[in-house]
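Here's the structure we're looking at; comments come further down.
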Amino acid sequence: MASVDIRGVEKQFGATKVIHGIDVSIADEEFVVLVGPSGCGKSTLLRMIAGLEEITAGEISIGGKVVNNVAPKDRDIAMVFQNYALYPHMTVRENMAFSLKLRKAAKSFIDERVNRAADILGLQPYLDRYPRQLSGGQRQRVAMGRAIVRDPQVFLFDEPLSNLDAKLRVQMRTEIKALHQRLRTTSVYVTHDQVEAMTMADRIVVMHDGIVEQVGTPLDLYDHPVNTFVAGFIGSPAMNFVSGTLRRSGGDAHVEAAGGVKLPVPGSIGGADGQGVVFGVRPEHLDLASDGAGVSAKVIVVEPTGADTQVFADVAGTQISAVFSERHAFKPDQMIRFQPRPDSVHLFDAASGRHL
Amino acid sequence: MAVALGRQAAPRRSFVELLDDRRVLSVLCMLPAVGLLVTFLAYPLGLGVWLGFTDTKIGRPGVFIGIDNYISLFDDSVFLLSVYNTLVYTIVATILKFGLGLWLALLLNNSMPFKAFIRAIVLLPYIIPTVLSALAFWWMYDPQFSVISYVLSKMGLIDRYVDFLGQPNAARASVIAANVWRGIPFVAICLLAGLQTISPSLYEAAALDGANPWQRFRNVTVPMLMPILSVVLTFSVLFTFTDFQLIYAITRGGPLNATHLMATLAFQRAIPGGQMGEGAAIATAMIPFLVFATVFSYYGLQRRKWQQGSADD
């Protein structure tokens, strides 16, 4: 097991620069998730760690050793691919044994390792089947088994769950996390799904357009997003944003939005009087208010999920979503009032998007 | 059709109503194709096999003589030589075509500038009419005007022009070279198509698993290519074994019958020689070889256990 250090790494495909200088340190035994929208460079970064893509500039070191010019096979890493990349002409056993066989390991050693991995992943009954004869979840397990057998320094996961159906995805998510808690191998996991990132990661690296927006623990990112991108990306349903102008009077402050809507914010919040700001509040931090308090909203759609109720409403032309753990049977076009929790609101600079 | 009609004869129905019956309609739709196949494939094949059992000559209808033609062929040294020639021609040309074709396909599978253009050029030997390219080879093999001999002598490698088509083994090698030149594009393009179906992530997984380029080729490329390889091999063997045009245009079977294949000998005996029955018997004698080659390469190589099961990836 080893740490992974990424220092000033850049990547260019022809004339197009896709990664603009990334610095991330991944500690030994840590489970780090790279998350971001499609095209943010997260898979490219992972492939550079694996050695499948060349590093244009900067350094990547694994276990303290710079690996820029080390071949993938000599980096002592194992990767789980999105499409599993199982060898279709080999049985599950042969798939898992392949890397050890190439290293000319003793037969008894290979058998022991394969059986151990099969026990961990519940693959014993399928060892003599071919990948085609397995379900998606089973293939995913074989792909992980192939990684476990190697006992590598680092596990790399490239969107391993995106080919699975929703229910299986949740199940495998838990399995991968449990596996990491058991094996403690340093893991780097790429996904575009922020729920996966939140639930699995020790630390999350949020990427966007080839740069790192923020690095932190899941709850850190949830509570203290540094900018509107992270705030909007982390959390589901996404954070509500309302543009407006910050107004201060004495010790109080509020954001004046379009249509004369006044959104109260704590006086202690950053930002100058008259500054253009974006007001952000998560759907779960909105409460219902009685007449006179909060802001008025017109209900558009109500989506009960059983566990909670999600309400989409129109506040002076901006669509706002709110989640309540109580059950509400609002009708469309009904007027209700939202009250944001003062200690859970965020203010961002309108121009730069940075948190104030 | 008679069965289908007979069963429904009781209530009288119009022709249009009959078309609503799926069985009637399907038979009707198949009729044109069946007619064409019977007229242009089954009938000539049957006629050929039948002629092989007769002593038909041009201008004289023959009578059934059983297997006399085949018995005399077994003592016919020219026929036995043609069998030997055909086997050598097929085996050597196929090995070369597949070796070079696979090599070419692997080269073309790399990313390079003007990829589509280069791939189109590779197909050129295949789109030139066979007889035209055969004539070009004939000229290149000419004892006096051979461009190959000219270049070699100018380079100082030989001091006498090569007699490509005058000596039996040289002639065999020359026609094989022409066949290989013509057959490579088919093999290369088919195998290239096969190579492109192999997921790049398999190579990446193998590279991470510690496989060097040769091990990746052995453990990923070859097994994944086997299914298409077997089909291409079957077709290539069939085309090579039955080759006629190249030989007939370049050597006409000479010298001393050294390049006579079964197909050219059959034609030689039947049409210019007038011995229709004997020619047909030679042609018919090719069938067992072809059936064997087809069965061997098709069932021996094609469907593997790992290809069975659900098809979703």
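Order of the sequence lines sets the chain letters (A, B, ...), proteins ahead of strands, with each chain counted from 1.
- For Arg47(A), the part lying under 4.5 angstrom from a heavy atom of chain B is the side chain only.
- Note: Asp209(B) CG to Met96(A) CE = 12.0 Å, rounded to the nearest 0.5 Å.
- Rounded to the nearest 0.5 Å, atoms CZ (Phe81(A)) and OG (Ser199(B)) are 8.5 Å apart.
- Identified under the ring pair (Phe, Tyr, Trp, His ring centres under 6.0 Å) test for residues 185-229 of chain B, with sequence neighbours left out: Tyr126(B)-Phe186(B), Trp214(B)-Phe217(B).
- By number of non-hydrogen pairs under 4.5 angstrom with chain B, the leading residue of Ala50(A), Ser99(A), Pro72(A) is Ser99(A).
- Heavy atoms from other residues, nucleotides or ligands lying under 6.0 Å from CZ of Arg218(B) number 12 at most.
- Atom CG of residue Asn219(B) and atom CZ of residue Phe98(A) lie 4.0 Å apart, to the nearest 0.5 angstrom.
- Taken to the nearest 0.5 Å, the NZ atom of Lys101(A) stands 11.5 Å off from the CD atom of Gln215(B).
- Counted within 6.0 Å of CZ on Arg119(B), heavy atoms from surrounding residues, nucleotides or ligands total more than 12; the atom is thus considered enclosed.
- Neither the backbone nor the side chain of Leu156(A) has a heavy atom closer than 4.5 Å to any heavy atom of chain B.
- Distance check: Leu208(B) CG to Arg146(A) CZ gives 9.0 Å after rounding to the nearest 0.5 Å.
- In terms of heavy-atom pairs under 4.5 angstrom with chain A, the leader among Ala207(B), Ser201(B), Ala211(B) is Ser201(B).
- Counting heavy atoms of neighbouring residues, nucleotides and ligands inside a 6.0 Å radius, atom NZ of Lys115(B) exceeds 12 of them.
- Taken from CD in Glu204(B) to CE in Met79(A), the straight-line distance is 6.5 Å, to the nearest 0.5 Å.
- Taking a 6.0 Å sphere around CD of Gln12(A), one finds it holds more than 12 heavy atoms contributed by other residues, nucleotides or ligands.
- Residues Leu202(B) and Pro88(A) approach most closely at CD1-CD, 4.0 Å, considering heavy atoms.
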